[in-house]
Amino acid sequence: MAVAIDSTGLVVKGNPVLGFVDAVLRGVGQVMFQNNTFTGLLFLIGIFVNSWVFGIAAIIGTVVSTATAMLLGVDGSLVRSGLYGFNGTLVGIAFAFYLQPQPLVWVCIVFGAAMSTVVMATLMNVLGTWQTPALTAPFVFTTWFFLLASPQFAGLHATSLLPTAALPKALTATGVPTVETFYDGFFKGPAEVFFQDNVITGAIFFIAILVSSRISCVAAVLGSVLGILVGLGMGAAEPSVRLGLYGYNPVLTAIALGGFFYVLDWKSYLYALLGTIVTVVVFAAFVVGLTPLGAPALTAPFVFTTWLFILAKPLFQRLRPVAPADATTPEGNLAMASRSA
Amino acid sequence: MAVAIDSTGLVVKGNPVLGFVDAVLRGVGQVMFQNNTFTGLLFLIGIFVNSWVFGIAAIIGTVVSTATAMLLGVDGSLVRSGLYGFNGTLVGIAFAFYLQPQPLVWVCIVFGAAMSTVVMATLMNVLGTWQTPALTAPFVFTTWFFLLASPQFAGLHATSLLPTAALPKALTATGVPTVETFYDGFFKGPAEVFFQDNVITGAIFFIAILVSSRISCVAAVLGSVLGILVGLGMGAAEPSVRLGLYGYNPVLTAIALGGFFYVLDWKSYLYALLGTIVTVVVFAAFVVGLTPLGAPALTAPFVFTTWLFILAKPLFQRLRPVAPADATTPEGNLAMASRSA
Amino acid sequence: MAVAIDSTGLVVKGNPVLGFVDAVLRGVGQVMFQNNTFTGLLFLIGIFVNSWVFGIAAIIGTVVSTATAMLLGVDGSLVRSGLYGFNGTLVGIAFAFYLQPQPLVWVCIVFGAAMSTVVMATLMNVLGTWQTPALTAPFVFTTWFFLLASPQFAGLHATSLLPTAALPKALTATGVPTVETFYDGFFKGPAEVFFQDNVITGAIFFIAILVSSRISCVAAVLGSVLGILVGLGMGAAEPSVRLGLYGYNPVLTAIALGGFFYVLDWKSYLYALLGTIVTVVVFAAFVVGLTPLGAPALTAPFVFTTWLFILAKPLFQRLRPVAPADATTPEGNLAMASRSA
């Protein structure tokens, strides 16, 4: 039989078309570390519920970055697990989000997604020296380059969602948090990972993660809550918190450190907690630091903080790290650790 | 006997409390590469002479970063030599220096000092690939993140010491150097490593270094002098030179390259001279480059320049490098080199 | 016989003065990857045709960076092939280009060229971990530091060619391309690698490359054309395109990826094409990103893009990379590959 189903979704053999579709869906799922066909499909559904333009951009981006990897000869198992898709997914949505819909933008999505594959290979090589994953850095760097370039090109027009270049200033008014701050912020946290300003999309995303891993889902929930609490505790602007902007990076850090790249126990739990809290500060720092350039923080705060917390691993002998190549799900990591113990 | 004294200070065995106190004092000493209990104690005294708030912030930062390293399982010998303390020391003082004293700032010092330990472990892992030390980079990165974040948080208020974000402009007036420019600048050079705008503190710091290493003390003296001379020679603003701002980075570069990470001889002496001069230019570059962000240069000019001059070592066959793990004092390095010769 | 001539220029043995002259000329040639005495000589002639000040600055920079490498004990074969010269060449011209001619500037050229040798050794060590070349990064970093520092120093005055620090803004008018846009832009592309705004200089540079490698010359031609076409296609400002500013980075990327660091075949040809196109976007991004600092992009877009495309090599199994130490000319690489096949 060419197609079967296991706990991570489809198992495709001998059917290149269906195999490619599976790689693309897993690619979408890998945006939140879920190598799972159904998670990817649910993520896509969540995006289409909010906007079919973003859905199409996501698919094009994932297809191009995955196909580029195949053409350049990337190892088949990496491609099949979606590792060369997720940055293209985000490149596609980001370009459609920050640039006005013109034909040239779709050309840029194709070149940007292809470039993200090169950056991914570069970071897998360089960071592989220290057994550290590239995360969404290829998306971040590629998107920064194209968005920064846009003022120089009359063919690209920024949408009003791209920040205007300015000198950083201290907040003057922050607003008062209400129940909606928490409700909206909680669901929009995971949704904003994909630039989706939509509560229902966020709810679908939580379910999508749950399909793949209960521990990752709990981590995502706690990450979103922590983002809101630390943000408000520090005195962040209420509208930003309500939009989920203080949540999308902590959600990713919490999933990454909460059982995925370290075997979950109470020590790594506290470590993930520290990392998630720090991510909130790093997010604010990136927002301010990028203000004079008029560039968005994207998922750079998550990438940077998680790199720090993973690159440190050989020195911290009380934690049990999981090499990127071995990491499956938090549950799978726990099972592997108990076998080898 | 649980406690003895050798040339580097206390030797503590079997007494965890006193051992921790010793690690903290050596941590303060390591800000200027001195793994020496008494140097650290004198540094603290120098800080308290100027301000007891900064003294307490320094102690809290050092305690938290050292304790975090112990909790996460960092190798005991690294902790005991103070290598997981000195970045916390500077984080503590920097936060108290640039942020108005509110309860939240002390919470930030705790989290910042803990974060600096993670950054330290990351850099020891990454830079260890090329046998290169982390220097004060964990302090620099952590402090930049918290200071950059501060405008986004109503709970954090910058003091007037933090630069206001602006577009860089050429100097219009530089002022005329007087005897005080040299006198104040000379002593405030080392003092400003710890953000202390105080001549007496600087004098105590010179003595503190002398207790541990005569060669390092001479390097610090020459570094402070060179910072003033090169700064004035290039046409730097007199008030900055008088405040020691052109001295604190060259002081650190001179100590690092002047016998500590290279065995001292006339070739490494000239090499350290080049590095110290270059540090002055790199300092001005960081000041200008950070102007649009309203962020201070901290010790980044020293870190960056010294990294360059140490990472280059395998190519320069006429210099005799000392691996970070083997470096003790310039005198110790010389003795080790003559034994192996 | 002490001197002979082979396909790469002079072969000097036992004559230190002539050997040094040869190393300096090859250093100038290495700005565009040509380890060739005559290419370097023709590059110099092309510069002197445009400006004798820039010519002298280029010679001083190359001499100082080469001599510094010899004094510090860099391996003789690296020095002889000009690898410790080309960054000094560009440092010399850049300082003379962006800073008003005062005695202090010539002192800065000497220190900057010496610093570029240290940065070169650092990058050869660090990037050597992944068999990746330093390219012109030592020139870029050194020049950025000195130019960024200049507003802090009354002794250094920027020329009107250095951008004024400002907040990035979208283009308002782009102008209409004419035949001159293509003609001037085509020849000034390679000329601007050395900051030479001169059509004849560009023509001499094409010939200089041809002397060493026909494939590299074709790559340079295509790179210059692509820079113009992609720039205009995206809607870049016509005056910038006409000045060759959209060409000098793609020229370098095209030479580097077009047969030099990958064996030329149709797959690496398409890969080089992608890299060259991406370079245009990355150039615009650097221009915008450096606007608040008032700093020029220099060859950073080429360096950054080419690093990405070379560091990725172990993952892309369909390409045949050439290690920096083995790369001679595209023709030489092809011959080596066919021998080992």
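So you know, we letter chains A, B, ... as the sequences are listed, proteins then strands, and number each from 1. Heavy-atom basis, side chains included; hydrogens, waters and symmetry copies ignored.
In this structure the side chain of Leu319(B) reaches within 4.5 angstrom of the side chain of Leu72(C), judged on heavy atoms. Between Phe316(B) and Thr117(C) the shortest side-chain heavy-atom distance falls below 4.5 Å. The closest side-chain heavy-atom distance from Leu270(B) to Leu71(C) is not below 4.5 Å. Side chains of Tyr246(B) and Gln152(C) form a contact here, defined as non-hydrogen atoms less than 4.5 Å apart. Side-chain atoms of Phe153(C) and Thr174(B), non-hydrogen and from C-beta on, never get closer than 4.5 Å to each other. Looking only at side-chain heavy atoms (C-beta outward), Leu104(C) and Met234(B) come within less than 4.5 Å of each other.
Here the straight-line distance linking atom CD1 of Ile310(B) with atom CG of Asn125(C) works out to 12.0 Å at 0.5 Å rounding. Rounded to the nearest 0.5 Å, atoms OG1 (Thr142(C)) and CG (Leu308(B)) are 8.0 Å apart.
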Quick one: do Leu148(C) and Val287(B) satisfy side-chain contact (heavy atoms from CB on, under 4.5 Å)? Show the steps, please.
CA-CA 9 Å; Leu148(C) 278 176; Val287(B) 168; over 6 Å; no
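Comparing Leu156(C), Val126(C), Leu293(C) by how many heavy-atom pairs each has under 4.5 Å with chain B, the most go to Val126(C).
Side-chain polar atoms of Thr122(C) and Trp130(B) form no donor-acceptor pair below 3.5 angstrom.
Using a 4.5 Å cut-off between heavy atoms, Pro292(B) contacts chain C through its side chain alone, with no backbone atom that close. With a 4.5 angstrom heavy-atom cutoff, Lys267(B) does not touch chain C via any of its atoms. Only the side chain of Phe304(B) has a heavy atom closer than 4.5 Å to any heavy atom of chain C.
Residues Arg318(B) and Met70(C) approach most closely at CZ-O, 4.2 Å, considering heavy atoms.
Met115(C) pairs in a side chain to side chain contact (heavy atoms under 4.5 Å, CB included) with only one of the listed residues (Val278(B), Thr305(B), Val281(B)), which is Val278(B).
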